[in-house]
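Just so you know, residue 1 is the first one in the sequence shown, and it goes up from there.
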Amino acid sequence: MYKYPLFISIVLALAMVSCSNKKSVSGGGTISEPPVRLTDTELMDTVQQATFRYFWNFAHPVSGLTRERSNGNNDIVTTGGSGFGVMAIIVGVKRGYITRQEAVTRLLKMVTFLRDKTTRYHGAWSHWLNGSTGETIPFSQKDDGGDLVETAYMIQGLLTARQFFDGSSADETQLRDIITGLWHDVDWKWYTNGQNYLYWHWSPDYGWAMNMPIRGFNETMITYLLAVASPTHPIAPSLYDTGWAGNNYDATLIVDKYGYYGGPLFFTHYSYLGMDPHFSDKYIRASKFASYFDRNKEQTLLNRQWCIDRASVYSYYNKNCWGLTASDDPVNGYMAHEPTTANDNGTITPTAAISSIVYTPSESLAAMHYLYDNYGSKGLWGKYGFKDAFNIHENWYAPSYLAIDQGPIIAMIENHRSGILWNNFMQDPDIQTMFSKLGFEKTNN
């Protein structure tokens with residue numbers, strides 16, 4: 001059983017420790033004082049290894065699924081965050097934090113629970129689940145059934161795992177078989193409700209009352225891509241045009257300094273943990289971008305520039321202290337921070353800059369160093385890595401870690417370093433079929 005010794009967890013909660021001095025996450029080695037400044041490689045190792053512990057050590061003991069947050073009801077696990085957790089486990093194997101067999105054993109626990117214990121709503125899972133029983137926990141009054149977007153994040157992780165764990169052992173074969181069954185059961189077409197777009201929610205008690213069409217540009221692109229890719233319940237490729245791109249899409253693709261800054265940075269992360277954004281379609285080309293990678297890079301740089309320009313309002317903002325996205329918040333509890341005066345209240349969220357490392361490697365690494373060196377020991381760093389957010393204006397450091405913010409950190413750092421998640425997801429035969437159906441073109445930038 002994988003366990004991190006209590007005394008080490010306590011030390012890590014109080015001080016920034018260089019993981020380059022340890023041979024494994026589960027112990028061993030001697031904890032020493034961190035160097036004055038870690039190298040880029042040492043820092044990425046440190047951040048990935050600490051973040052990995054959230055998904056491994058803090059996973060629900062019964063289901064193995066990922067808990068929603070570190071400071072709440074520990075029986076609440078999150079579907080999308082667990083999909084991110086699947087990817088974190090792959091990174092754990094890649095980086096040697098756990099063995100391949102340990103990963104397979106944990107993943108079998110997770111997928112067996114998903115298959116045997118959870119309620120599925122025409123194949124989709126609810127946003128929240130009880131990690132002990134598998135019962136649906138309502139996210140809100142009417143959001144007590146299927147959540148297609150959260151389901152898409154889960155499937156994105158599972159398909160990446162299905163491709164990565166390609167061994168001939170009985171365990172890996174069983175893992176792939178269960179994942180395939182879970183994937184095939186999602187009835188994407190049913191979630192159109194006969195319309196020319198996908199719906200986000202369906203409830204057995206309230207039906208389609210949430211009435212949230214899934215349209216872009218935002219964090220939900222992967223939902224349409226998987227719905228087209230499905231070998232059992234696909235939507236027509238034309239719904240990509242009428243649904244995803246059917247509501248002011250061209251305008252929201254365009255980001256510039258003089259108007260729309262692109263929204264919170266999680267728009268550029270969640271759908272692209274597995275889906276490599278180095279591709280184009282007719283919409284991105286019409287907006288004068290080379291690819292979705294190119295567009296997301298522009299949004300990231302504008303988010304950073306906004307923070308630089310706002311230093312007169314929040315003095316701690318600078319070229320290395322930036323990053324606005326959704327996170328816990330000292331004033332509102334939770335808030336989707338973005339580059340607008342209405343939605344920037346001085347809260348910096350580490351996942352924003354760090355998870356953008358694939359788009360802006362030098363700027364994101366500089367931010368990672370700055371946050372670690374200047375704020376880590378003041379309350380921003382703990383046993384699971386960077387805390388969720390901080391706001392010097394409010395004299396506040398979040399006590400929390402959130403699955404949906406931790407997941408992109410470890411995943412995108414790895415995509416920057418090795419591309420392993422992108423490579424495996426993109427090699428999946430069903431994803432390759434989708435790519436062809438939608439007429440996407442691979443790009444180099």
Side-chain angles (χ1 to χ4, degrees), residues 9-20 31 33-54 69-71 264-266 300 303-332 334-335 337 339 344-357 360-402 405-406 408-410 412-413:
S9 296
I10 294 172
V11 171
L12 285 168
L14 298 174
M16 299 178 292
V17 177
S18 170
C19 291
S20 61
I31 292 189
E33 292 298 319
V36 174
R37 181 177 173 84
L38 300 176
T39 66
D40 288 350
T41 297
E42 289 170 338
L43 181 60
M44 287 188 289
D45 286 341
T46 298
V47 173
Q48 282 190 291
Q49 195 169 16
T51 307
F52 174 76
R53 286 193 288 271
Y54 184 89
R69 55 169 54 244
S70 62
N71 60 337
L265 280 179
F266 71 87
T300 303
N303 193 292
R304 177 176 179 265
Q305 188 62 48
W306 171 275
C307 292
I308 293 171
D309 294 343
R310 289 272 280 178
S312 60
V313 180
Y314 302 111
S315 61
Y316 50 97
Y317 280 22
N318 59 57
K319 66 180 183 178
N320 295 324
C321 187
W322 58 277
L324 306 180
T325 194
S327 68
D328 281 352
D329 181 87
V331 178
N332 302 290
Y334 188 86
M335 181 176 171
H337 311 99
D344 173 18
N345 67 358
T347 299
I348 296 293
T349 306
T351 191
I354 296 171
S355 301
S356 298
I357 191 171
T360 53
S362 60
E363 294 88 348
S364 293
L365 274 166
M368 204 186 315
H369 278 289
Y370 187 87
L371 297 177
Y372 183 85
D373 293 343
N374 291 278
Y375 296 109
S377 62
K378 297 178 181 178
L380 191 58
W381 182 264
K383 62 181 177 179
Y384 301 133
F386 284 106
K387 300 287 183 65
D388 196 51
F390 71 106
N391 186 318
I392 302 302
H393 183 71
E394 299 289 340
N395 192 29
W396 174 83
Y397 290 87
S400 52
Y401 300 92
L402 274 63
D405 290 339
Q406 296 301 101
I409 289 175
I410 186 172
M412 286 306 210
I413 291 177

Can you list everything that forms a ring pair (Phe, Tyr, Trp, His ring centres under 6.0 Å) with [X]? Sequence neighbours excluded, please.
{"X": "Phe386", "answer": "Trp381"}
{"X": "Phe266", "answer": "Tyr270"}
{"X": "Tyr317", "answer": "Tyr314"}
{"X": "Trp396", "answer": "none"}

Are the side chain of [X] and the backbone N or O of [Y] linked by a donor-acceptor pair below 3.5 Å?
{"X": "Tyr401", "Y": "Gly385", "answer": "yes"}
{"X": "Arg53", "Y": "Lys383", "answer": "yes"}
{"X": "Ser364", "Y": "Ala353", "answer": "yes"}
{"X": "Arg304", "Y": "Thr360", "answer": "no"}

If you measure from [atom1] on [X] to [atom2] on [Y], what distance do you get to the nearest 0.5 Å?
{"X": "Leu380", "Y": "Ile392", "atom1": "CG", "atom2": "CD1", "value": "8.5 Å"}
{"X": "Leu402", "Y": "Lys387", "atom1": "CG", "atom2": "NZ", "value": "12.5 Å"}
{"X": "Ile409", "Y": "Thr51", "atom1": "CD1", "atom2": "OG1", "value": "5.0 Å"}
{"X": "Ile357", "Y": "Thr300", "atom1": "CD1", "atom2": "OG1", "value": "11.5 Å"}
{"X": "Met335", "Y": "Leu324", "atom1": "CE", "atom2": "CG", "value": "9.0 Å"}
{"X": "Arg37", "Y": "Thr39", "atom1": "CZ", "atom2": "OG1", "value": "9.5 Å"}

For [X] and [Y], work out which heavy atoms get closest and say how close.
{"X": "Asp328", "Y": "Ala389", "answer": "O-CB, 3.7 Å"}
{"X": "His369", "Y": "Leu38", "answer": "CE1-O, 2.9 Å"}
{"X": "Ile348", "Y": "Pro350", "answer": "O-CD, 3.7 Å"}
{"X": "Tyr334", "Y": "Ala326", "answer": "OH-CB, 3.4 Å"}
{"X": "Cys321", "Y": "Phe390", "answer": "SG-CZ, 3.9 Å"}

Side chains of [X] and [Y]: closer than 4.5 Å at any heavy-atom pair?
{"X": "Trp322", "Y": "Asn303", "result": "yes"}
{"X": "Val331", "Y": "Asn391", "result": "no"}
{"X": "Tyr54", "Y": "Ile410", "result": "no"}
{"X": "Tyr316", "Y": "His393", "result": "yes"}
{"X": "Pro330", "Y": "Thr347", "result": "yes"}

*Let me know which of Thr325, Asp344, Asp329 forms a side chain to side chain donor-acceptor pair (under 3.5 Å) with His337.*
Asp329

*Test side chain to side chain contact (heavy atoms under 4.5 Å, CB included) applied to Leu365 and Met44, step by step*: CA-CA 8 Å; Leu365 274 166; Met44 287 188 289; 3.9 Å; yes

*Check the pair Tyr370 / Asn318 against side chain to side chain contact (heavy atoms under 4.5 Å, CB included), numbers first and verdict last.*
CA-CA 10 Å; Tyr370 187 87; Asn318 59 57; 3.1 Å; yes

*List in chain and number order the residues that pass side chain to side chain donor-acceptor pair (under 3.5 Å) with Tyr384, two or more places apart in sequence or in another chain; answer none if no residue qualifies.*
none

_Working note: Thr351 + Ser327, criterion side chain to side chain contact (heavy atoms under 4.5 Å, CB included); need CA distance, chi angles, decisive distance, verdict._
CA-CA 9 Å; Thr351 191; Ser327 68; over 6 Å; no

*What pairs with Asp388 under salt bridge (charged side-chain N to carboxylate O under 4.0 Å, His left out), at least two apart in sequence or on another chain?*
none

